[in-house]
Amino acid sequence: MNIIEFTEKFQKMEVENEFFNFKDSNGVAYWDLVRYHIFMLIYKSLTEVKLIEPRKKKSFHKLGGGIRIFFNYLKFLYTLNFKGFKYLFFVSSKHIDNQGFNRDLISNDILSITKNDTLIIETFRRERAKYYYDSYFETGKFLSLNFKRILSRKKGIEKYSCSQIIKSIFEFSYDFDRLIYNLIWNYNHELQYYKRFLKKVNPSYIFMVQNGIQKGLFAAANKLNIPIVELQHGLIGPNHPAYSYPTSITELQTLPKYLFSFSDFWAKNINYPVDRIITIGNDHYYQKIERSKIEYGLTVIFGEAVAVDLINFINALLNNGFSQAICIKLHPNQIEKAERIKEQYSSFNNIRIISNEKTLNEVLAVSKSILAIQSTCVYEALHNEVKVFLLKIKGYQAHIDIFDNPNTYLIDEPTELIKLIDEEFIKHKTEVYFEKFNKQKFLVFINSSEN
């Protein structure tokens with residue numbers, strides 16, 4: 001079952017059984033709290049996702065990280081009690097700039113304007129990272145939730161109406177009741193934490209870069225009437241469970257109020273029932289690369305759920321005599337797994353592994369083509385006139401909107417890639433995937449009394 005068929009079946013199940021009306025014994029409408037997790041759980045099982053395990057951290061690394069978090073939290077408490085802020089921003093600083101600082105490429109346009117009036121919460125916590133903006137970890141939430149877990153009295157797991165329906169429709173055996181119970185528990189306590197936290201900060205706006213599933217934060221902001229703006233972080237489309245809802249769903253209290261998108265292209269095929277989707281653009285993604293001498297014939301775009309599949313394809317490519325230089329561009333979430341992958345290809349002179357020390361734009365500038373299965377990177381490549389190979393497995397159909405682009409090649413076998421890799425890029429009129437950041441539009445937005 002491909003991703004399009006799976007999404008249609010999943011949403012049909014939601015609508016026909018009125019899942020969005022289901023409530024638990026405490027009256028909490030819970031389906032939107034759990035649907036993303038259940039969608040991904042079943043789909044990954046059906047597509048047999050295999051993950052690469054990272055090396056275990058050494059104890060002194062854990063100790064060093066703990067000390068850093070402790071002092072960061074003390075600084076956070078001081079700041080919270082003695083400083084005021086107009087804006088609250090949840091960032092994810094996954095990329096390293098040429099000065100060695102971790103930066104959030106999604107948030108940078110807005111933070112360059114608002115940083116002096118903004119309390120910044122960093123959600124991408126990594127050892128030894130140097131963050132460009134002065135920020136704080138979410139230690140308060142972590143401590144609060146763990147303290148609650150220690151004090152909670154164990155109760156029997158509730159039976160939820162949707163569990164048996166899901167098992168029956170997808171013929172999938174799993175303890176959905178326990179999963180749903182735990183997700184509702186997390187939501188309730190995150191909601192209470194964020195309500196206290198937001199009352200203390202009392203921002204005019206909350207901005208955030210996440211992945212659409214921070215339900216406790218969304219609900220707390222909505223209950224306190226604080227406008228929350230989510231910034232598009234990457235690929236969103238009709239088959240992404242965090243951003244695609246049945247057309248009958250027009251409003252939910254567990255979503256942000258606004259979504260800032262890269263361009264008009266992204267909103268046309270989804271039902272994401274926020275108040276408004278606003279095209280704001282992004283300067284990093286909009287900027288065209290300056291082509292350099294080609295270093296890589298092929299750049300392979302990794303991701304957590306497809307890494308093993310791509311490793312198998314690369315191995316088959318090498319066995320078929322492919323000799324051009326290959327770059328493996330890891331997802332920022334795979335930093336801890338980089339060494340395992342590097343070890344596997346340590347004896348190959350034509351393979352280089354790059355994590356977050358270079359942006360994709362820097363890699364595209366020296367690449368002839370890319371290979372991916374499902375990633376925002378395919379749109380970045382086409383935007384920068386780099387050919388795209390899509391491997392026809394797992395969720396590749398998520399890119400159906402670029403199948404007719406003459407620079408997109410759908411392949412099954414390594415031999416097809418070898419045959420096509422030297423084809424020239426065909427310049428033609430295409431969709432606008434990324435627009436320039438509209439500073440004036442943003443300033444009007446934050447100064448408008450209508451929002």
Side-chain angles (χ1 to χ4, degrees), residues 3-4 6-24 27-40 42-43 90 106 161-162 165-166 180 183-184 186-188 190-191 194-195 198 205-281 376 398 400-401 441 445 448 450-451:
I3 187 67
I4 296 173
F6 180 80
T7 302
E8 289 174 350
K9 185 173 182 177
F10 191 88
Q11 292 193 2
K12 182 181 179 183
M13 172 188 72
E14 294 179 292
V15 173
E16 290 184 348
N17 294 283
E18 299 183 343
F19 278 8
F20 287 93
N21 293 330
F22 286 178
K23 295 182 179 180
D24 71 357
V28 176
Y30 63 82
W31 180 242
D32 192 42
L33 312 179
V34 305
R35 72 185 293 269
Y36 172 87
H37 302 275
I38 291 174
F39 182 106
M40 295 305 296
I42 300 173
Y43 184 68
F90 292 83
I106 307 296
S161 305
C162 64
I165 299 172
I166 298 168
I180 294 169
L183 289 169
I184 294 173
N186 282 341
Y187 165 78
N188 285 331
E190 285 187 6
L191 173 62
Y194 279 122
K195 282 170 69 176
L198 296 182
Y205 284 97
I206 302 167
F207 299 95
M208 54 91 73
V209 179
Q210 293 286 347
N211 50 14
I213 55 173
Q214 283 62 40
K215 302 302 183 182
L217 173 61
F218 294 152
N222 287 326
K223 285 179 183 294
L224 297 173
N225 292 314
I226 302 172
I228 184 163
V229 182
E230 181 180 1
L231 278 60
Q232 181 181 350
H233 72 285
L235 176 64
I236 61 175
N239 303 296
H240 192 311
Y243 298 97
S244 182
Y245 286 77
T247 54
S248 58
I249 304 302
T250 58
E251 181 182 10
L252 289 168
Q253 287 300 301
T254 43
L255 292 178
K257 190 173 179 64
Y258 305 103
L259 173 70
F260 281 177
S261 69
F262 294 143
S263 75
D264 293 340
F265 168 81
W266 301 96
K268 64 183 183 180
N269 292 321
I270 63 171
N271 177 43
Y272 191 43
V274 296
D275 279 17
R276 267 196 293 160
I277 299 178
I278 302 169
T279 294
I280 207 74
T376 319
I400 193 171
D401 48 25
K441 191 174 185 178
F445 174 86
S448 172
E450 295 179 4
N451 292 330

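When side chains are defined from C-beta on, Ile180 counts as touching Ile38, because their heavy atoms get closer than 4.5 Å. Annotation: side chain of Tyr245 is not in contact with side chain of Glu14 (no heavy-atom distance under 4.5 Å). With contacts defined as side-chain heavy-atom distances shorter than 4.5 Å, the pair Val28/Leu33 qualifies. When side chains are defined from C-beta on, Met208 does not count as touching His233, because their heavy atoms never get closer than 4.5 Å. Under the 4.5 Å side-chain criterion, counting only non-hydrogen atoms from C-beta, Asn239 is not in contact with Ile400. The side-chain heavy atoms of Val274 and Glu230, taken from C-beta on, include no pair separated by under 4.5 Å. Here the side chains of Lys257 and Tyr205 are not in contact, with every heavy-atom distance at 4.5 Å or above.
Within a 6.0 Å radius of NZ in Lys9, more than 12 heavy atoms belonging to other residues, nucleotides or ligands are found. Dense packing is recorded around NZ of Lys441, with more than 12 heavy atoms of other residues, nucleotides or ligands lying under 6.0 Å away. Shown here is Lys23, whose NZ atom has no more than 12 heavy atoms of other residues, nucleotides or ligands within 6.0 Å.
In this structure, Phe6 and Tyr43 have tilted ring planes: the angle between them lies in the 30° to 60° band. Relative ring orientation between Trp31 and Phe20 is described as perpendicular, the plane-to-plane angle rising above 60° on a 0-90° scale split at 30° and 60°. Between Phe260 and Phe445, the ring-plane angle classifies as perpendicular under the 30° and 60° cut-offs. Classification of the Phe262-Trp266 ring pair by plane angle, with boundaries at 30° and 60°, yields perpendicular. By the 30° and 60° cut-offs, the orientation of the rings of Phe90 relative to Tyr194 is perpendicular.
From Phe218, atom CZ reaches atom OH of Tyr187 across 11.5 Å, with rounding to the nearest 0.5 Å. Taking CD of Gln253 as the start and NZ of Lys215 as the end, the distance is 11.5 Å to the nearest 0.5 Å. Distance check: Gln232 CD to Ser263 OG gives 7.5 Å after rounding to the nearest 0.5 Å. Here CG of Leu259 is found 11.5 Å from CD1 of Ile228. Values are rounded to the nearest 0.5 Å. From Lys268, atom NZ reaches atom CG of Asp401 across 7.0 Å, with rounding to the nearest 0.5 Å.
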Could you go through Phe22 and Phe19, starting from their C-alpha distance and side-chain angles, then the distance that decides it, and tell me whether this counts as ring pair (Phe, Tyr, Trp, His ring centres under 6.0 Å)?
CA-CA 5 Å; Phe22 286 178; Phe19 278 8; 5.2 Å; yes
side-chain contact (heavy atoms from CB on, under 4.5 Å) evaluation trace for Ile206 with Leu198
CA-CA 9 Å; Ile206 302 167; Leu198 296 182; 3.7 Å; yes
Should Asp32 and Ile249 be marked as a side-chain contact (heavy atoms from CB on, under 4.5 Å) after you check the CA-CA gap, both sets of side-chain angles, and the distance that decides it?
CA-CA 11 Å; Asp32 192 42; Ile249 304 302; over 6 Å; no
Walk me through it: do Thr247 and Asn271 pass the test side chain to side chain donor-acceptor pair (under 3.5 Å)?
CA-CA 6 Å; Thr247 54; Asn271 177 43; over 6 Å; no
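Closest approach of Lys195 and Leu224 over heavy atoms only: O-CD1, 3.8 Å. Closest approach of Tyr272 and Ala242 over heavy atoms only: CE1-O, 3.3 Å. Residues Ser244 and Pro238 approach most closely at OG-O, 2.8 Å, considering heavy atoms. When every heavy atom of Ile270 is checked against every heavy atom of Gly237, the shortest pair comes out as CG2-C, 3.2 Å. The minimum heavy-atom distance linking Pro273 with Leu255 is given by the pair CG-CD1, 3.6 Å. Summarising the geometry of Ile213 relative to His37, their closest heavy-atom pair is CD1-CE1, 4.2 Å, with the distance given to 0.1 Å.
Listed for the Thr7 side chain is a donor-acceptor partner under 3.5 Å among the backbone atoms of Ile3. For Glu190 (side chain) and Gln214 (main-chain N/O), no donor-acceptor pair under 3.5 Å exists by modelled atom type.
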